[in-house]
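This report concerns only the one structure given below.
Predicted model, so just to flag it, every value in this text is computed and none were measured. Below, chain A is the first sequence line, B the second, and so on; all start at residue 1.
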Amino acid sequence: GAVVSQHPSRVICKSGTSVKIECRSLDFQATTMFWYRQFPKQSLMLMATSNEGSKATYEQGVEKDKFLINHASLTLSTLTVTSAHPEDSSFYICSAIDSYNEQFFGPGTRLTVL
Amino acid sequence: EDQVTQSPEALRLQEGESSSLNCSYTVSGLRGLFWYRQDPGKGPEFLFTLYSAGEEKEKERLKATLTKKESFLHITAPKPEDSATYLCAVQGTKAAGNKLTFGGGTRVLVKP
């Protein structure tokens, strides 16, 4: 299957700082990528849809100014958590759709805000 | 609005004890139903895509089936390494941007 990578896998930051998470499709081009967050023992919650060359589409209740998404190329999308606070601590996962409309997920990024 | 409900929430099995996981869904036109496996602290791993009622797919000890209202993931003679959370998701024909709607998952623990 297709491979999606995320970097970093784990990050710890101080409250008020910004954190950038990268999502790359390694062996295919993805015009659409998704960003999810997942709390312990819960399912995935879609935050936004990232479209190459255009603005991201955010789900209801997700602050677009806090979670900045940039889909700079067909293989890279970034999520920046701005002015992070402890309540932003979570597991962030990206995914990408291949040409067969199958969605593959990255390994996730564990964000801890102190 | 697309909805997915998975049951049971958790399942404890003895090694070799076969069982089935249920995924019930409502969707305005099904584009695809997806099964994923997720290990703790990792992203979901793609297992299967099913597109139409009656379709079945197999991979090692796993077999997924689909009807118009639900999908089953059958685990035959499970081993401890099959322990994971299994996620079901649907993509409806009206889903904007190919979004998936996920169920809550079934946590499976296989004891040796």
Legend entry - Distance, nearest 0.5 Å, that separates CZ of B:F102 from CD of A:Q38: 9.0 Å
Inset, instruction - Would you indicate whether B:K79, at its atom NZ, is surrounded by more than 12 heavy atoms from other residues, nucleotides or ligands within a distance under 6.0 Å? - result: no
Inset, instruction - Kindly check if the number of other-residue, nucleotide or ligand heavy atoms within 6.0 Å of CZ (A:R10) is above 12? - result: no
Inset, instruction - Look at B:E45, B:Q6, B:R107, B:Q38 and state which one has the largest set of heavy-atom pairs under 4.5 Å with chain A. - result: B:Q38
Inset, instruction - Please check if A:V19 and A:L68 belong to a single hydrophobic cluster, counting links between Ile, Leu, Val, Met, Phe, Trp and Tyr side chain heavy atoms closer than 4.5 Å. - result: no
Inset, instruction - Taking atom CD of B:E9 as the centre, report whether more than 12 heavy atoms of other residues, nucleotides or ligands fall under 6.0 Å from it. - result: no
Legend entry - Region of A:Y100 in contact with chain B, defined by heavy-atom distances below 4.5 Å: backbone
Legend entry - chain B contact via A:N101 - side chain, backbone, both or neither, heavy atoms under 4.5 Å: both
Legend entry - A:Q6 portion near chain B, given a 4.5 angstrom heavy-atom threshold: neither
Legend entry - Over 12 non-hydrogen atoms of neighbours within 6.0 angstrom of CD in A:E87: yes
Legend entry - Single-linkage hydrophobic cluster A:Y36~A:I69, side-chain heavy atoms < 4.5 angstrom: no
Inset, instruction - Could you have a look at B:G43, B:G41, B:P44 and say which one has the most heavy-atom pairs with chain A under 4.5 angstrom? - result: B:P44
Legend entry - Proximal component of B:F48, with respect to chain A [non-hydrogen, under 4.5 Å]: neither
Legend entry - Proximity of A:F105 and B:F46 rings by center, below 6.0 Å: no
Legend entry - A:I93 reachable from A:I97 in the ILVMFWY side-chain graph, under 4.5 Å edges: yes
Inset, instruction - Group every Ile, Leu, Val, Met, Phe, Trp and Tyr by side-chain heavy-atom contacts under 4.5 Å, then state whether A:L111 and A:V4 land in the same group. - result: no
Inset, instruction - Locate the shortest heavy-atom distance separating A:E102 from B:F34; write the atom from each residue and the value. - result: CA-CE2, 4.4 Å
Inset, instruction - Look at the side chain of A:S43 and the backbone N and O of B:G103, then say whether any donor-acceptor pair between them is shorter than 3.5 Å. - result: yes
Legend entry - Between B:Q91 and A:Q103: side-chain donor-acceptor atoms closer than 3.5 Å: no
Legend entry - Value rounded to 0.5 Å, distance of OG1 in B:T101 from CG in A:L44: 12.0 Å
Inset, instruction - Consider only side-chain heavy atoms of I, L, V, M, F, W and Y, link residues closer than 4.5 Å, and tell whether A:F104 and A:I21 are in one cluster. - result: no
Legend entry - A:T32 side chain near B:K99 side chain, heavy-atom distance below 4.5 Å: no
